[in-house]
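Only heavy atoms go into these numbers, but all of them, side chains included; no hydrogens, no water, no symmetry mates.
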Amino acid sequence: MQVDLPDVLAEVTEQFARYEKALVTNDVAVLDDLFRPDSRTLRYGTGENLYGYDAIMAFRAARSPAGLMRRTAGTVITTYGRDAAVASTLFYRDSSPGRVGRQMQTWVRFAEGWKIVAAHVSIIDEPQDQST
């Protein structure tokens, strides 16, 4: 299997950037479009466990659009072959000093394009030792 084919990496990086822009601007239509419409799609959030596309859509529709701005760091996107990828990033919000968010997404290419099939978001106290 080939890892990080340049054209595939560029495609996933573009979709990841599209997700990030939609997230901070609360573009729910784009966020919904980027998740796979399937009952097996899941998103573990900071305070919720969402099983299925419908649950994820309902969460997005009900979420407050306030305070969504953030900055990312340490983003790593790795592609596996032509049809699978994992995107990981840290994020920081001014409203949460001393805390760091962690986000991981599993992306799969389908006939309709790249879709997130699994996501995990968590927030922790920022570790003092960043080497581990």
Side-chain angles (χ1 to χ4, degrees):
M1 172 180 294
Q2 295 179 305
V3 176
D4 287 342
L5 291 164
D7 60 323
V8 179
L9 185 57
E11 290 173 11
V12 177
T13 300
E14 180 180 332
Q15 292 307 306
F16 180 82
R18 185 174 171 230
Y19 176 90
E20 187 63 27
K21 180 180 178 186
L23 183 70
V24 299
T25 61
N26 201 40
D27 189 336
V28 175
V30 170
L31 293 170
D32 288 348
D33 181 57
L34 290 172
F35 276 80
R36 171 89 169 146
D38 190 287
S39 63
R40 296 164 292 191
T41 299
L42 62 92
R43 180 186 177 276
Y44 294 148
T46 59
E48 65 285 333
N49 298 318
L50 305 172
Y51 289 88
Y53 180 74
D54 291 343
I56 296 166
M57 282 184 27
F59 168 79
R60 293 273 187 227
R63 185 180 64 161
S64 168
L68 297 177
M69 290 305 299
R70 66 188 198 169
R71 65 189 180 285
T72 60
T75 302
V76 176
I77 299 173
T78 307
T79 65
Y80 301 93
R82 302 202 71 77
D83 300 318
V86 174
S88 306
T89 197
L90 301 176
F91 64 88
Y92 300 88
R93 289 199 165 105
D94 290 342
S95 61
S96 298
R99 308 272 285 163
V100 58
R102 304 173 301 174
Q103 173 184 296
M104 294 188 77
Q105 301 165 330
T106 302
W107 292 78
V108 176
R109 183 199 311 264
F110 294 92
E112 64 272 20
W114 286 100
K115 301 293 180 184
I116 299 167
V117 297
H120 185 147
V121 180
S122 59
I123 300 174
I124 63 170
D125 290 335
E126 189 162 15
Q128 296 302 308
D129 177 9
Q130 293 294 316
S131 64
T132 57

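Proximity of V100 to P127: side-chain heavy atoms (C-beta onward) are separated by under 4.5 Å at one or more points. The side-chain heavy atoms of R40 and V117, taken from C-beta on, include no pair separated by under 4.5 Å. At least one side-chain heavy atom of Q105 sits less than 4.5 Å from a side-chain heavy atom of F16. Between L68 and R63, some side-chain heavy-atom pair lies under the 4.5 Å cut-off. A 4.5 Å side-chain heavy-atom check between V8 and Y80 finds every atom pair outside the cut-off. Counting only heavy atoms from C-beta outward, the side chains of R82 and D7 approach each other to under 4.5 Å. A 4.5 Å side-chain heavy-atom check between R102 and L90 finds at least one atom pair inside the cut-off. Residues K21 and D27 fail the side-chain proximity criterion, which asks for heavy atoms closer than 4.5 Å.
Residue I77 comes nearest to L9 through the heavy atom pair O-CD1, 3.4 Å, listed as atom of the first residue, atom of the second, then distance. The minimum heavy-atom distance linking Y53 with P37 is given by the pair CG-CA, 3.4 Å. For the pair A84 and W114, the tightest heavy-atom approach, listed with the atom from each and the gap, is N-CH2, 3.7 Å. Y92 approaches R99 most closely through the heavy-atom pair CD2-O, 3.6 Å. The nearest pair of heavy atoms linking G81 to M1 is N-CG, 3.6 Å. The nearest pair of heavy atoms linking S122 to H120 is CB-NE2, 3.9 Å.
Within the model, atoms OG1 of T75 and CD of Q103 stand 8.5 Å from one another, a figure rounded to the nearest 0.5 Å. Taken from OG1 in T41 to CD1 in I116, the straight-line distance is 9.5 Å, to the nearest 0.5 Å. The structure places CG of N26 at 12.0 Å from CE of M69, a figure rounded to the nearest 0.5 Å. The line from CZ of F35 to CG of L50 is 8.5 Å long, rounded to the nearest 0.5 Å. Taking CD from E48 and CD1 from I56, the interatomic distance works out to 10.0 Å, rounded to the nearest 0.5 Å. Interatomic distance, F91 CZ to E20 CD, rounded to the nearest 0.5 Å: 9.0 Å.
Figure legend: cation-pi geometry between R36 and F110, with NZ or CZ positioned under 6.0 Å from the six-membered ring centre and within 45° of its axis.
A continuous path of Ile, Leu, Val, Met, Phe, Trp and Tyr side chains, each step under 4.5 Å between heavy atoms, connects Y19 with F59, placing both in one hydrophobic cluster. Taking hydrophobic clusters as Ile, Leu, Val, Met, Phe, Trp and Tyr residues chained together by side-chain heavy-atom distances below 4.5 Å, V30 does not share a cluster with V28.
Salt bridge D94/R70: absent, no basic N to carboxylate O contact under 4.0 Å.
Looking only at distances, a side-chain donor or acceptor of K115 sits under 3.5 Å from a matching main-chain atom of D33. For the pair D4 (side chain) and T79 (backbone), a donor-acceptor distance under 3.5 Å is present.
Here L42 sits in one hydrophobic cluster together with Y44, Y51; the rule is ILVMFWY side chains under 4.5 Å apart, joined directly or through other members.
The closest side-chain donor-acceptor pair between W107 and Q15, if any, does not fall under 3.5 angstrom.
Crowding of Q2 atom CD: a count of heavy atoms from other residues, nucleotides or ligands under 6.0 Å not exceeding 12.
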